[in-house]
Amino acid sequence: MIRDIRAWHAREPDWRKARESLVEHYGDHIYGGNCHMVPNHGLIVLSLLYGDDDFQQSLRIVNTSGWDTDCNSGNLGCLLGIKNGLAGLDVGPDWRGPVADRLYLPTADGGRGITDAVSESYRIVNIGRDLAGEEAVSPKGGARFHFSLPGSVQGFQLEDTVESRGTATLENVVLDPGSRGLAMHYRRLTTGRTARISTPTFTPSKEVAKYFDGRGYSLLASPTLYSGQTVRARILAASDNAEAAEVRLYIQHYDAADQLAQLAGEAIELSAGASTELEWEVPDTNGHPIASIGVEISGAGGQTGTVYLDHLSWDGAPTVDLGRPAQRGYSRLTRGAGPIMWKKAWVNGTDSATHPDMIDPWPEPHRLIQNRGRGLQMHGTRDWTDYQLTARMTPHMCRAGGIGVRVQGLRRYYALLCDPEGVRLVLARDGHDTILAEADLGWVLGRPYELTMKVQGDRMIALIDGESVIDTTDPDSTFTDGGIALVVEEGRIGCDHVAVQPFS
């Protein structure tokens, strides 16, 4: 096929006619299936040749050609990006601005679902450095947002609201030799006109989440930021600012009606040439997912100027209850009413769970059903290291079940598993369980139990109804970080309370 496409390109200048030849010899009528790789591959090769290294022209051809346009344009754009670098993207329209480096990553490790091109670039580079026996590259002390690559904004955009629209522009600039940052150029700030610049920490909107579900491509992601964690940021004011402006950190989170609500830290006045280190413990959002974090710039006298975001990051264990929001009104017959975003923060790896868009018909927030093997409902991020998880579970009818900590996907975690015979603490790694400790205290079907797991360093403590049943270590420290999971093996379990907090 590739040989044929090259021959058509050599003698036929019109890509449309070449496409007709591709359809005739390698079209969907020859290769069955929904989206067969052979005709798609043919369109990518054809567009590379006729696009002649022009990013816009190549994408225009591959999209106009039809078939599997999203995958074909994505693969083609990736190849041209590798070949020509940023210079190839910066010709013609603004391809990078609307995307703002944002990435949504499909993975069972839900805390990595919301990410950006800079973070993933450094992750790939550091995998290579690790294989080569070299130290990882971690700009600015390992800050999550450091803007170290030219043109990078790492998802930060001006908030598109009446109060903020048109109040600022963003660009990546050199702060000092060898250091870059995000310049926030604000203008004509006054009462009711505030510049808010933010980056997503969860599914971007209820509408987008429902759209993907309707198409069969659910965005599985947990938030990256939680109540109880501490956010730190360094901000500098340009030396030529005429007037001082106030800066503060803020978050937006979903509420019981799935509307965005805002919480903000203390405002700091920043005069020309000054800098500040902001530190803010994220307040309680009543378990509702945090959608974004950002910097707010305000003033009352028409202030115009520039402040620079050098870096922004957060750390620490969360303090959060992951239950159902207070607003209820549940019915099997009612769909689409009531909050859904709290449920979408869980990555479902079980055979059956209430669809996030459906009002729960069950009395408990979580009902786990697994037909064969082991299923997990997962939440949290790889930022979590030392913490404790408590869940109140009722085994309705199941082979076993329990809770997991330092969860890094469906095949890597620690789990406290209970059955009628006893309880065991297992290390699950790539399809194989290693029992680290066990005890004779089993559970009785139909009775509720409060299960707790505490992890600190290589130490793990397990409690049932407040009584310690296991206190052990993993001498290899196999997993040092990860989220949480509710676990079920072949049967059904209800769970009406989940809480995560720092280790104590």
Is there a donor-acceptor contact under 3.5 Å from the side chain of E489 to the main chain of G401? no

E296 side, atom CD; I251 side, atom CD1 - distance, nearest 0.5 Å: 12.5 Å

Donor-acceptor pair, side chain of T201 and main chain of S292, under 3.5 angstrom: yes

Keeping the roles fixed (side chain from D101, backbone from V153), state whether a donor-acceptor pair exists under 3.5 Å. yes

Any donor and acceptor pair, going by atom type alone, linking the side chain of D176 with main-chain N or O of S179 inside 3.5 Å? no

Before giving the answer on side-chain contact (heavy atoms from CB on, under 4.5 Å), spell out for W314 and L225 the whole-Å C-alpha distance, their side-chain angles and the decisive distance to 0.1 Å. CA-CA 8 Å; W314 55 82; L225 177 63; 3.6 Å; yes

Closer than 3.5 angstrom, by distance alone: can the side chain of R112 be matched with the main-chain N or O of A108 as a donor-acceptor pair? no

Does Y308 reach the side chain of L182, with side-chain heavy atoms less than 4.5 Å apart? no

Would you sort out whether L463 and V469 count as a side-chain contact (heavy atoms from CB on, under 4.5 Å), showing the intermediate values? CA-CA 5 Å; L463 301 92; V469 294; 5.9 Å; no

So, taking the atom named CG in L79 and the one named CG in L48, what distance separates them when rounded to the nearest 0.5 Å? 6.0 Å

Has E277 got more than 12 heavy atoms of other residues, nucleotides or ligands less than 6.0 Å from its CD? yes

Distance flag, aromatic centroids of Y254 and W342, threshold under 6.0 Å: no

4.5 Å side-chain heavy-atom contact, S313 and V231: no

Side chains of W95 and L59 in contact at under 4.5 Å (non-hydrogen atoms): yes

Is the shortest heavy-atom distance from the side chain of T319 to the side chain of V500 under 4.5 Å? no

Is there a donor-acceptor contact under 3.5 Å linking the side chains of S504 and Q388? yes

With rounding to the nearest 0.5 angstrom, report the CD1 to OG distance, I124 to S119. 11.0 Å

Which atoms form the tightest heavy-atom contact between C418 and I464, and what is the distance? SG-CD1, 4.1 Å

Between T394 and H396 (side chain of the first, backbone of the second, donor and acceptor by atom type, cut-off under 3.5 Å), is there such a pair? no

For V487 versus L368, what's the shortest heavy-atom pair and its separation? N-CD2, 4.0 Å

List the steps, then state whether side-chain contact (heavy atoms from CB on, under 4.5 Å) holds for L175 with R180. CA-CA 5 Å; L175 295 179; R180 309 186 73 90; 5.9 Å; no

Applying side-chain contact (heavy atoms from CB on, under 4.5 Å) to M393 and I403, what does each step give before you reach the verdict? CA-CA 9 Å; M393 311 184 84; I403 56 177; 3.9 Å; yes

Is the centre of the W346 ring less than 6.0 Å from the centre of the H366 ring? yes

Enumerate the residue pairs fulfilling side-chain hydrogen bond (donor to acceptor under 3.5 Å, both in side chains) with a member in residues 73-84, sequence neighbours excluded, ordered by first and then second residue. D53-K83

Check: Y387 side chain, G483 main-chain N or O, donor-acceptor pair, under 3.5 Å: yes

Roughly how far, to the nearest 0.5 Å, is the OG atom of S198 from the CD atom of Q252? 6.0 Å

Minimum heavy-atom distance P98-R102, with the two atoms named: O-NH2, 2.7 Å

Are any non-hydrogen side-chain atoms of H41 and M1 less than 4.5 angstrom apart? yes

Between D383 and R144, is there a salt bridge with N-O shorter than 4.0 Å? yes

One should read off an interatomic distance between D315 CG and Q229 CD, to the nearest 0.5 angstrom, of 7.5 Å

Closest approach of T350 to G375 (non-hydrogen atoms, all atoms of both residues): CG2-C, 3.8 Å

Do we see a donor-acceptor contact under 3.5 Å between the side chains of Y226 and H379? yes

Go through E279 and R234 one step at a time and tell me if the salt bridge (charged side-chain N to carboxylate O under 4.0 Å, His left out) criterion holds. CA-CA 9 Å; E279 185 173 309; R234 181 171 184 257; over 6 Å; no

Determine yes or no for a side-chain-to-main-chain donor-acceptor pair under 3.5 angstrom, with Q154 supplying the side chain and D116 the backbone. no

What pairs with S58 under side chain to side chain contact (heavy atoms under 4.5 Å, CB included), at least two apart in sequence or on another chain? L76, L80

Are L322 and I484 side-chain neighbours, meaning at least one heavy-atom pair lies under 4.5 Å? yes

Starting from the C-alpha separation in whole Å, work towards a yes-or-no answer on salt bridge (charged side-chain N to carboxylate O under 4.0 Å, His left out) for K140 and D310. CA-CA 9 Å; K140 302 180 182 178; D310 181 34; 2.7 Å; yes

Check whether the side chains of T381 and T224 place a donor and an acceptor atom closer than 3.5 Å, and report yes or no. no

For T230 and E281, which I'm curious about, is there any donor-acceptor pair between the side chains at under 3.5 Å? no

Check: H146 ring centroid to Y122 ring centroid under 6.0 Å: yes

Regarding R372 and D351, does a basic nitrogen lie under 4.0 Å from an acidic carboxylate oxygen? no

Ignoring hydrogens and angles, tell me if any N or O in the side chain of N172 forms a donor-acceptor pair with the backbone of S152 under 3.5 Å. yes

With a cut-off of 3.5 Å and sequence neighbours excluded, list every side-chain donor-acceptor pair involving residues 428-445.
unit_1	atom_1	unit_2	atom_2	d
D433	OD1	R374	NH1	3.3
D433	OD2	R374	NH1	3.2
D433	OD2	R374	NH2	2.6

Quick one: are I290 and V282 in side-chain contact, heavy atoms under 4.5 Å? yes

How far apart are the closest heavy atoms of P395 and I493, and which atoms are they? CA-CG1, 4.1 Å

So which heavy atom on F479 is nearest to which on L427, and how close? CE1-CD1, 3.2 Å

Considering the options R406, K454, Q456, R459, which one meets the side chain to side chain donor-acceptor pair (under 3.5 Å) requirement together with D386? R406

Is the count of non-hydrogen atoms from other residues, nucleotides or ligands lying under 6.0 Å from R399 atom CZ greater than 12? no

Quiz question: by atom type and distance under 3.5 Å, do the side chains of D465 and Y449 form a donor-acceptor pair? no

Beyond-backbone contact of L278 with I235, side-chain heavy atoms, under 4.5 angstrom: yes

Salt-bridge contact R382-D109 (side-chain N to carboxylate O under 4.0 Å): yes

From I470 CD1 over to M453 CE, what is the distance, rounded to the nearest 0.5 angstrom? 8.0 Å

Does a donor on one side chain sit under 3.5 Å from an acceptor on the other, for Q408 and D481? yes

Report yes or no: does H253 contribute a side-chain atom to a donor-acceptor pair with the main-chain N or O of L260 at less than 3.5 Å? no

